[in-house]
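Reading through the structure tokens given below for one structure.
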Amino acid sequence: MRIVVIGLGTVGRSFCRLLQDRRKELLSKYGLDPRIVSASDTGGIATDENGLDVAQILKLKESGMSVAEIPQKGSKGKSGKDAIESVEAEVVVEATPTNMVSGEPALTHLETSIKTRKHVITANKGPLALAYPALTELASYNNVSLKFSAAVGGGTPVLEFGRRCLKADKILGIKGILNGTTNYILTEMDTRGISFEDALKEAKDLGYAEADPTLDVQGFDSGAKLVIIANMLLDMDLTLKDLSIQGITSVSASDITAAKENGSALKLVASIEGKASVSPIEIKRSDPMCVSGVLNSVKFISEFAGEQVIIGKGAGGLETASAILRDLLDIRQSMRI
Ligand code: NDP
Ligand code: HSE
């Protein structure tokens, strides 16, 4: 299977590494023989129809260089869109930074992939929060898959749980900790007593935070994930503008101590129970939703099954890459080649 990878940061690189490390197993177990035929970053693109050398890409990116520097294969100044349009491939994996104002450059990457009849997988919340109905319609019209497991829950199959496991039920509401960075910050401020700034720096170093971390701490990342869940699983038609959003920038050490004294912890919670909102609230420590560190938790409230909570790592390179690989395996299965 020929793959174009756009974006080679924490997620894109982890995806390349996962394909390389699991090559034998992917072939023997799933009949998947992936070849990265093009890769792009901000410096340009590299292309090889026989498959780029993944170890070379990883080495180059870790030394801060662009794939455009690869001799004979790199082209400086060419864009991800150029790669999608010019390279023959079955699948595009999109992992550029999230932009919640215009959705770009990811929106163009998704649209171009679909219009050139390539299946597309993204970890990027921006285009989905801004243009979910249009993108799903375009994909369906062009008979290609648009997959985005990684956009909600990192490696945790939140969307799959709602879509597949609650298929015969009716989801009435959801409530969740949907952002790993803010949960990490609040946990570390609580348990180690470190400052907001130090905790955010650690979350950045661990690869959890967005390229623009204000999206995390001001609640927009949680809001975008809530919009995706609402539109996909609750048949709503929400955009970010419909949400009331408050982040954690004004949470103080004394707010955290006060919650502790009540047997609770402060968490950034996104919920749809009637209205849709994101805000820091106290959760009892005995509540299964009250998870620590980079973990996410999502409580589904459904008509027949009642309340169910799914918990798992909500951010991180390999965690997120595993969700992209899950989507890729689904596409492989649907292609039956
Ligand atoms: P990074 O900031 O680590 O990496 C972004 C990559 O995109 C870099 O390689 C950058 O290039 C490249 N890039 C930026 N602009 C362009 C462009 N116009 N064309 C081609 N490449 C471009 O981000 P992450 O890997 O952390 O995140 C990627 C996406 O995945 C985001 O949308 C994020 O929201 C989402 N996500 C992230 C998770 C995480 O845990 N990190 C979890 C779930 C989703 P260069 O290398 O030259 O700077
Ligand atoms: N920045 C996001 C988070 C990445 O911390 O949850 C996962 O979407």
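Just so you know, ligand 1 is whichever comes first in the structure, and atom 1 is the first atom listed for that ligand. Residues: numbered from 1 along the sequence shown. Side chains are part of it too, since the values below use all heavy atoms of this structure and drop only hydrogens, waters and symmetry mates.
Less than 4.0 angstrom separates some heavy atom of D216 from each of these atoms of ligand 2: 1 (N), 2 (C), 3 (C), 5 (O). Interface atoms of ligand 2 facing K225, defined by a heavy-atom separation under 4.0 Å, are 2 (C), 3 (C), 6 (O), 7 (C), 8 (O). Below 4.0 Å from some heavy atom of T98 lie the following atoms of ligand 1, by number and element: 31 (C), 32 (O), 33 (C), 34 (O). Of all the atoms in ligand 1, the ones that sit under 4.0 Å from a non-hydrogen atom of N124 are 32 (O). The atoms of ligand 2 that sit less than 4.0 Å from any heavy atom of N179 are 2 (C), 3 (C), 5 (O), 6 (O). Residue contact check: D41 has heavy atoms under 4.0 Å from atoms 11 (O), 20 (C), 21 (N), 45 (P), 46 (O), 47 (O) of ligand 1. Atoms of ligand 1 lying under 4.0 Å from any heavy atom of A315, numbered from 1 in the order shown and given with element: 40 (O). Within ligand 1, counting atoms from 1 as listed, the ones closer than 4.0 Å to a heavy atom of A150 are 43 (C), 44 (C).
The nearest heavy-atom contact from the protein to atom 23 (O) of ligand 1 is T10 N, 4.5 Å. Here the protein heavy atom with the shortest distance to atom 28 (C) of ligand 1 is A95 O, 3.3 Å. With hydrogens left out, the protein atom closest to atom 41 (N) of ligand 1 is G207 O, 2.9 Å, a heavy atom. Shortest contact from atom 44 (C) of ligand 1 to any protein heavy atom: A123 O, 3.3 Å. Counting only heavy atoms of the protein, atom 5 (O) of ligand 2 lies nearest to T181 OG1, 2.6 Å. Here the protein heavy atom with the shortest distance to atom 42 (C) of ligand 1 is T320 OG1, 3.1 Å. For atom 11 (O) of ligand 1, the closest heavy atom belonging to the protein is T42 N, 3.4 Å. Nearest non-hydrogen protein atom to atom 2 (O) of ligand 1 is A211 CB, 3.8 Å. The protein heavy atom nearest to atom 6 (O) of ligand 2 is G180 N, 2.8 Å. Summary of contacts: the protein heavy atom closest to atom 37 (C) of ligand 1 is V11 CG2, 3.5 Å.
Counted by atom type alone, S264 and N262 present zero donor-acceptor pairs between their side chains at under 3.5 Å. Between the side chains of S244 and Q246, no donor N or O sits under 3.5 Å from an acceptor N or O. A donor-acceptor contact closer than 3.5 angstrom is absent between the side chains of K284 and S286. Checked by atom type, the side-chain pair D327/S149 shows a donor-acceptor distance below 3.5 Å. Inspection of the T187 and D190 side chains reveals no N or O donor paired with an N or O acceptor under 3.5 Å. Counting only N and O atoms by type, the side chains of S252 and S254 include a donor and acceptor under 3.5 Å apart. With no hydrogens or angles considered, a side-chain donor-acceptor pair links E104 and T108 at under 3.5 Å.
With distances taken over non-hydrogen atoms, the option nearest atom 8 (O) of ligand 2 out of E210, K313, K204, K125 is K125. Between P105, G44, G9, it is P105 that holds the heavy atom closest to atom 17 (C) of ligand 1. Within the set G7, S14, P97, the minimum heavy-atom distance to atom 5 (C) of ligand 1 is found for P97. Heavy-atom proximity to atom 22 (C) of ligand 1, evaluated over D216, L8, T96, L215, is greatest for T96.
The shortest distance between side-chain heavy atoms of N183 and N296 does not fall below 4.5 Å. Contact of the I171 side chain with the I301 side chain is not registered, since no non-hydrogen atoms from C-beta on lie closer than 4.5 Å. V269 is not listed as a side-chain neighbour of V278, based on a closest heavy-atom distance of 4.5 Å or more.
Protein non-hydrogen atoms do reach within 4.0 Å of atom 7 (O) of ligand 1.
Remark: side-chain polar atoms of H119 are paired, donor with acceptor, to backbone N or O of S145 under 3.5 angstrom.
A salt bridge does not link R326 with D330: every distance from a Lys NZ or Arg NE/NH1/NH2 to an Asp or Glu carboxylate oxygen is 4.0 Å or more. Using a 4.0 Å cut-off between a side-chain N of Lys or Arg and a carboxylate O of Asp or Glu, K201 and D205 qualify as a salt bridge. The pair D242-K275 does not count as a salt bridge, with every side-chain nitrogen at least 4.0 angstrom from each carboxylate oxygen.
Here K125 has side-chain heavy atoms under 4.0 Å from ligand 1, and that is the only part of it that gets that close.
Annotation: K147, atom NZ; neighbour count of heavy atoms from other residues, nucleotides and ligands within 6.0 Å is above 12. Annotation for K61: atom NZ counts as buried by contact number, over 12 foreign heavy atoms lying within 6.0 Å.
Put simply, part of G314 is less than 4.0 Å from ligand 2, judged by heavy atoms. Between K61 and ligand 1 there is a heavy-atom distance shorter than 4.0 Å.
At a 3.5 angstrom cut-off on N or O pairs, G316 counts as close to ligand 1. Taking any N or O of E210, backbone or side chain, at least one lies under 3.5 Å from an N or O belonging to ligand 1. When only interatomic distances are considered, the shortest N/O to N/O separation between G12 and ligand 1 does not fall below 3.5 Å.
For the pairing with L186, the side chain to side chain contact (heavy atoms under 4.5 Å, CB included) check across V251, T181, T191, I177 returns one residue only, V251.
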